[in-house]
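Structure record follows, encoded as structure tokens.
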Amino acid sequence: MKIKIGAGILAFFTLMAVLGPLLIGADPAATGDDGLQGPSAAHWLGTTQTGQDVLTQIVYGARVSMGVGLLSAVIANVIAVAVGLVGGYFGGAVDEVLSVLTNIFLVLPALPLIIVLAGYLPQRGVASVAVVIAVTGWAWGARVLRAQTLSVRRRDFVQAARASGEGALRIVFFEILPVLLPVIATSFLATVVAAILAEAGLSFLGLADLSTVSWGSMLYFAQNGQALLIGAWWWFIPPGLCIALIGTGLALVNFGIDEIANPRLRTVKVKART
Amino acid sequence: MRFLARRLGFYLLTAWAAVTLNFLIPRLMPGDPVELLVARMKGNVDPAAIDAMRRAFGISDASLWQQYLDYLGNLAQGELGRSITFFPAEVSTVIAGSLPWTVGLVGVATLISYLMGTSLGVLMAWKRGTWLDGVLPAATFMHAVPYFWVALALVFVFGVTLQWFPVSRAYGLDVMPGLTGEFAGSVVYHAALPAVTIVAASMADRILGMRNVMVTTLGEDYVVMAEAKGLTSRRVMWAYAARNAILPNITSFALSLGFVVGGSVLTEIVFSYPGIGSMLLKGVENEDFPLMQGIFLVISLAVLVANFLADLAYVVLDPRTRQESE
């Protein structure tokens, strides 16, 4: 049930990001004379101060927000897989060094680090923002994957592969990695949420690429255009709601996977205690 | 004790890493920050400021190794350089002026969020199958909501529309800062909305985390045994189940502090709260690299100290960590 609802939400936003701009067509940055209009037939979600259509911006913003989320989650998880699996499999000094590195990145506060890194970026394009977010977001996944690798490496098929003379890296990436795919999937989904939130926060602070429309940059312009004081709720409610809904969708899918693994977490069909 | 010594060693190593990261970031990034600043001001820049900046970075013709040693030496004396934005104020002075606001706000809000979230999580695990399950979807939603968006919504509803609370600054323009009841009242009144933002946005994680651990704990033999003995359900819930379920939650609480601090940076911006987060943004916007780095260092060290305190609490509460260390 949870997985279905979550997947439904994700499918909706994915379609919106992929097909939406083709259907709507209009330029999200195009300004108009009718600024700060509430929702109407002409503008379903109203307009911004400069007469930009909020719905058009939401649809185009989905591409940037989800794109940055996916890109940085891919990068972060490649790092997490490499660090977690190599450390967990080889053990010893290699593991010691990688574990300390992972724990350091786990403890350092991510957003302040992202802000400082973004402060030094000469150009704040979509890709460089994604890289900065990924650099600070891989540690949790690496820790989980290391723990899983430790248990998998003792299993028979790994011993067998070793006995048959397979190379260590081949064992790590072709024998162990496939077994860990469900764990990697969970970690990936969690990273996407974190990355979308980080991109939104960074854009909201004006530290990402403000020339492209994203949900975060919409909130930045809403805040700077005094949308709150004017009462233009249609300008800042939709972007935040979209972020929260995507995050909810991803979390629901994740919880669904967890419940399959740990049936006790299920909410239904349990007799209540008194 | 060996456990604590190991942890202390790790935190010292992490502190060193944060310090070194701070030293390396400006040097690894393309472009010279000082030249960037000069170019931005189109040559219209105070030579004293450029000089201060070069010194703050330790950017000189000396070898990288020598620069690093100088940088560490300065840090050891609490020397963080001079701020460009507030020139000629020292970075440490700027931080000292804004840090108490953040520590007060985040400290109180995090404590409230932890107490409320943990209790709710325990209760929800205990009363599984009742209407309390309805809180789960709401918590899942809140878990994914951006901090600053919660802040915007609260400002809109309680600040602008209902006008119950002030929406910016840390205290009223009409009160004099000092140890007076009036000033304290104004501070609390102004901190109300930002604090509610942090509690609302961070409580969901506590609820979900605590519920999951508690549900697993409820299946343990000793809980079943306690129930079979006919102990009151309140006693079983708190003294047997929650007491043990809370342990892993302490560690995750400490780790989540980093996120709370990040979230409070965004919250401070929305409320123009004069804390360390507002200063960090000011530093970035003005390309005030010494200020930026000083603040990042202080935030990191604060999170490390908080994590170490959580480790201490863990050792006090869980006898097993003491036994293992022998």
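These values consider heavy atoms only, across backbone and side chains, with no hydrogens, waters or symmetry-generated copies. Here the structure is a predicted model, which means the values were calculated and not measured.
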Expected contact set for residues 295-303 of chain B against chain A at heavy-atom separation under 4.5 Å reads B/Phe296, B/Ile299, B/Ser300, B/Val303
If one checks every heavy atom of A/Leu101 against chain B at 4.5 Å, the contacting part turns out to be neither
Under 4.5 Å to a heavy atom of chain A? For B/Val150 that would be neither
In this structure, CD1 of A/Ile104 is separated from CG of B/Leu21 (nearest 0.5 Å) by 9.5 Å
Bottom line for B/Val265: the part with an atom under 4.5 Å from chain A's heavy atoms is side chain
Among residues 245-255 of chain A, those lying within the under-4.5 Å heavy-atom range of chain B are A/Leu245, A/Gly247, A/Thr248, A/Ala251, A/Leu252, A/Phe255
dist A/Gln223:CD -> B/Ile269:CD1 (nearest 0.5 Å) comes out at 9.0 Å
Walk me through whether A/Val116 and B/Leu280 qualify under side chain to side chain contact (heavy atoms under 4.5 Å, CB included). CA-CA 8 Å; A/Val116 169; B/Leu280 179 60; 4.2 Å; yes
| query | Is there side-chain contact between B/Tyr147 and A/Leu197, with at least one heavy-atom pair below 4.5 Å? | reply | no
Looking only at heavy atoms, the pair that brings A/Gly240 and B/Pro146 closest together is O-CD, 4.2 Å
By residue number, those in residues 198-212 of chain A with heavy atoms under 4.5 Å from heavy atoms of chain B are A/Ala200, A/Gly201, A/Phe204, A/Leu205, A/Leu207
| message | Within a 6.0 Å radius of atom CG on A/Asn224, are there more than 12 heavy atoms belonging to other residues, nucleotides or ligands? | response | yes
- request: Verify, without hydrogens or angle tests, whether A/Trp233 (side chain) and B/Phe156 (backbone) share a donor-acceptor contact under 3.5 angstrom.
  value: no
CZ of A/Phe13: more than 12 outside heavy atoms within 6.0 angstrom? yes
Heaviest contributor of heavy-atom pairs below 4.5 Å to chain A, chosen from B/Val167, B/Asn307, B/Leu281, B/Leu208, is B/Leu281
For B/Val284 and A/Gly119 the tightest heavy-atom approach is CG1-CA, 3.7 Å
Value for OG1 (B/Thr14) from CG (A/Leu108), rounded to nearest 0.5 Å, stands at 7.0 Å
Most heavy-atom pairs under 4.5 Å with chain B, out of A/Ile243, A/Ile5, A/Leu241, belong to A/Leu241
What one should report as the nearest heavy-atom pair of A/Pro112 and B/Gly262 is CD-CA, 4.0 Å
CZ (B/Phe10) and CG (A/Asn103) are apart, to the nearest 0.5 Å, by 4.5 Å
For residues 126-145 of chain A against chain B, heavy atoms under 4.5 Å, the residues are A/Trp140, A/Arg143
Cut-off 4.5 Å, heavy atoms of chain B, and the answer for A/Leu117 is both
Cut-off 4.5 Å, heavy atoms of chain A, and the answer for B/Leu152 is both
Of the listed A/Leu106, A/Leu121, A/Val100, A/Leu113, the one with the largest count of heavy-atom pairs under 4.5 Å with chain B is A/Leu113
